[in-house]
J.: 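Structure in C-alpha cells, see below.
Residue numbers start at 1 and run along the sequence shown.
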Amino acid sequence: KKAAEKTHQRFLDLPPTISEKEADKIEQERLAIVRKSNKLIRKFRAEMNTAQYKITLYLLSKAYTLENDLKFTMTIQDFCKCCGLDYENGYYYRRIKQDILELANKGQWMELYGQPGKTRIMRLIYDAEINENSGTITLFLDEKIKPYILFLREQYENKGELYTQFALLYTLPMRSLYSIRLYELLKSWNTEQSAEQGHYWTIEELQKILGSNYDRYPDFRRKVIEKAVPEINEYTDLTVEYEPIKQGRSYKYINFYIRTKTDREQIDTKINNSRQLDDMQISFDDVLKMQEQRAKLDDILRKAGLENE
C-alpha cells in the first residue's frame with residue numbers, strides 16, 4: 001500500500017508554469033474523496049447538466065471542511081485548475097456563476113432523513129454569495145441534505161445506513177452526465193457478487209434513476225449506456241460489462257457485471273486522468289453545445305426515417 005501511495009504521489013505532469021506547491025494543491029483536490037449516502041445517489045435526481053453536476057461533486061469532496069452553518073467558500077480559479085479548465089479565461093467565471101445560480105433553483109421532493117412518509121423540497125445549494133474583489137464564491141448548502149453527506153461512517157456503524165465513496169478524479173474527465181450518474185449507481189451496488197452474478201435493473205427504472213429523456217430502448221442504449229460504460233471503464237476504478245435481457249420480444253432488463261480494478265490499474269487510471277485534464281482544457285459549454293447539436297440532428301434523422309436502430 002505504501003509503495004502504491006508513493007507511486008502516485010507525484011503523477012501530475014503539469015506545465016512548467018505551475019509551481020510544485022501549486023501542483024501539490026491541485027493533486028490533493030483531484031484525489032479528494034466524494035462521499036454520499038446511497039439514498040442520495042439512488043433517489044436525488046434534480047435535473048442538471050454535466051458542469052453543474054461536477055460542481056456538486058467538487059463541493060461534496062470538500063464536505064469535511066464545511067462550517068457548522070454548511071457554508072463553503074471556493075475560488076473559480078481553484079475549481080478550474082482542478083477540472084483542467086483555462087482559469088485565465090473570463091468565460092468560465094461567467095459560466096460557473098450561471099451554473100451556480102441554476103443549481104440554487106433546482107430541487108426535488110425528497111424523504112426527510114429518519115422520517116419515513118415525510119417529504120420536503122430539497123436542493124444541494126440554496127444560496128450563494130460572490131466577492132467580486134477576491135473572485136470567491138461562498139456556497140450555502142441546504143440544511144436538509146446534511147445527513148446525506150456528513151457523518152456517514154457514524155450512521156453506518158450505528159444504524160447500518162450505507163454510503164458510497166470515490167475519488168473526485170474518477171469523474172472529472174467524463175463528458176457525459178449519464179456516465180457520472182451510472183458510475184455512482186454501480187459503485188453503490190459494487191460487491192463481490194456483482195462481478196460474477198451482476199446487478200440488474202429494469203430499463204424503465206434505470207431511465208428514471210439516470211434522468212434519461214430517451215424513452216425508446218434503442219435510443220437509450222446508444223445515447224446513454226454505450227457512451228457511459230466506455231467512460232466508466234476508462235476513467236474510474238471500475239470495469240463494467242452489461243447484458244440486456246429480453247422478456248418476450250422486448251428488452252426488459254439490463255444486467256451489469258461490476259469489477260473493482262486492481263491497485264495498479266487504479267494508479268494507472270489516475271495518472272491518465274490527470275494528464276488528460278492538464279492537456280485537454282475541457283470546455284463544458286462546448287460539450288453541451290455538441291450534445292444539443294447531436295440531439296437536433298438525431299431528431300431530424302428520426303423524423304426522416306433515416307436513423308438506424
Side-chain angles (χ1 to χ4, degrees), residues 1-14 18 20 23-38 40-42 50 53-54 56-64 79 81-84 149 152-153 156 162-199 210 225-242 255-280 282:
K1 185 177 180 181
K2 289 184 178 179
E5 290 175 352
K6 186 176 181 180
T7 302
H8 79 252
Q9 183 65 29
R10 296 298 311 155
F11 65 70
L12 289 180
D13 185 16
L14 295 169
I18 295 181
E20 184 175 346
D24 287 337
K25 180 181 178 181
I26 295 172
E27 178 180 1
Q28 290 171 10
E29 290 207 318
R30 290 176 177 174
L31 290 173
I33 301 300
V34 177
R35 295 180 178 86
K36 287 186 176 185
S37 161
N38 283 359
L40 188 66
I41 290 174
R42 298 168 188 175
T50 310
Y53 207 82
K54 289 183 179 182
T56 69
L57 293 179
Y58 180 80
L59 178 57
L60 293 181
S61 74
K62 305 287 187 181
Y64 67 93
F79 176 75
K81 288 179 180 178
C82 181
C83 296
I149 62 173
L152 297 176
R153 180 178 293 276
Y156 170 71
L162 298 176
Y163 68 96
T164 296
Q165 61 182 30
F166 53 88
L168 176 66
L169 181 59
Y170 289 138
T171 64
L172 293 178
M174 290 184 178
R175 295 179 177 272
S176 170
L177 174 62
Y178 299 126
S179 301
I180 303 175
R181 282 186 158 166
L182 182 59
Y183 167 65
E184 288 184 332
L185 182 65
L186 297 179
K187 184 77 173 173
S188 75
W189 285 103
N190 186 25
T191 63
E192 291 183 4
Q193 290 182 338
S194 63
E196 297 181 2
Q197 300 177 12
H199 189 89
L210 299 180
I225 303 301
E226 290 181 358
K227 291 185 178 180
V229 169
E231 284 205 312
I232 291 171
N233 288 336
E234 181 177 0
Y235 297 128
T236 78
D237 56 340
L238 300 181
T239 297
V240 177
E241 296 180 358
Y242 69 95
N255 195 22
F256 291 90
Y257 300 92
I258 314 161
R259 178 182 70 83
T260 301
K261 292 178 180 177
T262 65
D263 290 345
R264 179 68 259 176
E265 289 174 324
Q266 291 182 43
I267 292 171
D268 290 341
T269 298
K270 289 176 179 177
I271 293 171
N272 177 65
N273 287 3
S274 273
R275 285 177 175 166
Q276 284 205 36
L277 291 172
D278 296 329
D279 292 341
M280 291 170 55
I282 298 170

J.: Quick one: do N190 and L186 satisfy side chain to side chain contact (heavy atoms under 4.5 Å, CB included)? Show the steps, please.
T.: CA-CA 6 Å; N190 186 25; L186 297 179; over 6 Å; no
J.: Using atom types as modelled and distance alone, determine if a side-chain donor or acceptor of N233 lies under 3.5 Å from a backbone N or O of V240.
T.: yes
J.: Could you give the distance from CG (N273) to CG (D278), rounded to the nearest 0.5 Å?
T.: 11.0 Å
J.: Taking C-beta and beyond as the side chain, do Y53 and T50 meet within less than 4.5 Å on heavy atoms?
T.: no
J.: Any chance you could measure M174, atom CE, to E234, atom CD, to the nearest 0.5 Å?
T.: 9.5 Å
J.: So, using side-chain contact (heavy atoms from CB on, under 4.5 Å) as the criterion, who are the partners of T164 when residues are at least two apart?
T.: N38, I41, F166, K187, S188
J.: Contact between Q266 and T260 at the side-chain level, heavy atoms closer than 4.5 Å - yes or no?
T.: yes
J.: For the residue pair H199 and W189, does the interplanar ring angle fall in the parallel (under 30°), tilted (30 to 60°) or perpendicular (over 60°) class?
T.: parallel
J.: Please list, chain by chain and in numerical order, all residues satisfying side-chain contact (heavy atoms from CB on, under 4.5 Å) with S61, sequence neighbours excluded.
T.: A32, V34, L168
J.: To the nearest 0.5 Å, what is the distance between CG on L59 and CD1 on I149?
T.: 7.0 Å
J.: How long is the straight-line distance from CD of Q28 back to SG of C82, given to the nearest 0.5 Å?
T.: 11.5 Å
J.: Would you check, one step at a time, whether the test side chain to side chain contact (heavy atoms under 4.5 Å, CB included) holds for L182 with E231?
T.: CA-CA 10 Å; L182 182 59; E231 284 205 312; over 6 Å; no
J.: List the residues meeting ring pair (Phe, Tyr, Trp, His ring centres under 6.0 Å) with Y58, not counting sequence neighbours, and say none if there are none.
T.: F79
J.: Less than 4.5 Å apart, side chain to side chain, heavy atoms only: is that true for L162 and Y156?
T.: yes
J.: Please confirm whether the backbone N or O of Q165 pairs with a side-chain atom of R35, one donor and one acceptor, at under 3.5 Å?
T.: no
J.: Using the side chain to side chain contact (heavy atoms under 4.5 Å, CB included) rule, take K54 and I180 through it: C-alpha gap first, then chi angles, then the decisive distance, then the call.
T.: CA-CA 9 Å; K54 289 183 179 182; I180 303 175; 3.9 Å; yes
J.: When you look at T236 and T269, which way does the side chain to side chain contact (heavy atoms under 4.5 Å, CB included) test go after all the steps?
T.: CA-CA 7 Å; T236 78; T269 298; 5.9 Å; no
J.: Taking all non-hydrogen atoms of both residues into account, name the closest pair between S274 and L169 and its distance.
T.: OG-CD1, 3.8 Å
J.: Is the backbone of E29 close enough, under 3.5 Å, to the side chain of K62 for a donor and an acceptor to pair up by distance?
T.: no
J.: Out of curiosity, I267 CD1 to T262 OG1, how far, rounded to the nearest 0.5 Å?
T.: 8.5 Å
J.: I'd like to know if R259 pairs up with E241 as an ion pair, taking the criterion as any Lys NZ or Arg NE/NH1/NH2 lying under 4.0 Å from an Asp or Glu carboxylate oxygen.
T.: no
J.: Enter the distance from Y170:OH to I232:CD1 here, rounded to the nearest 0.5 Å.
T.: 13.5 Å
J.: So which heavy atom on N255 is nearest to which on Q197, and how close?
T.: ND2-O, 3.2 Å
J.: Answer yes or no: is there a side-chain heavy-atom contact under 4.5 Å between K36 and L57?
T.: yes
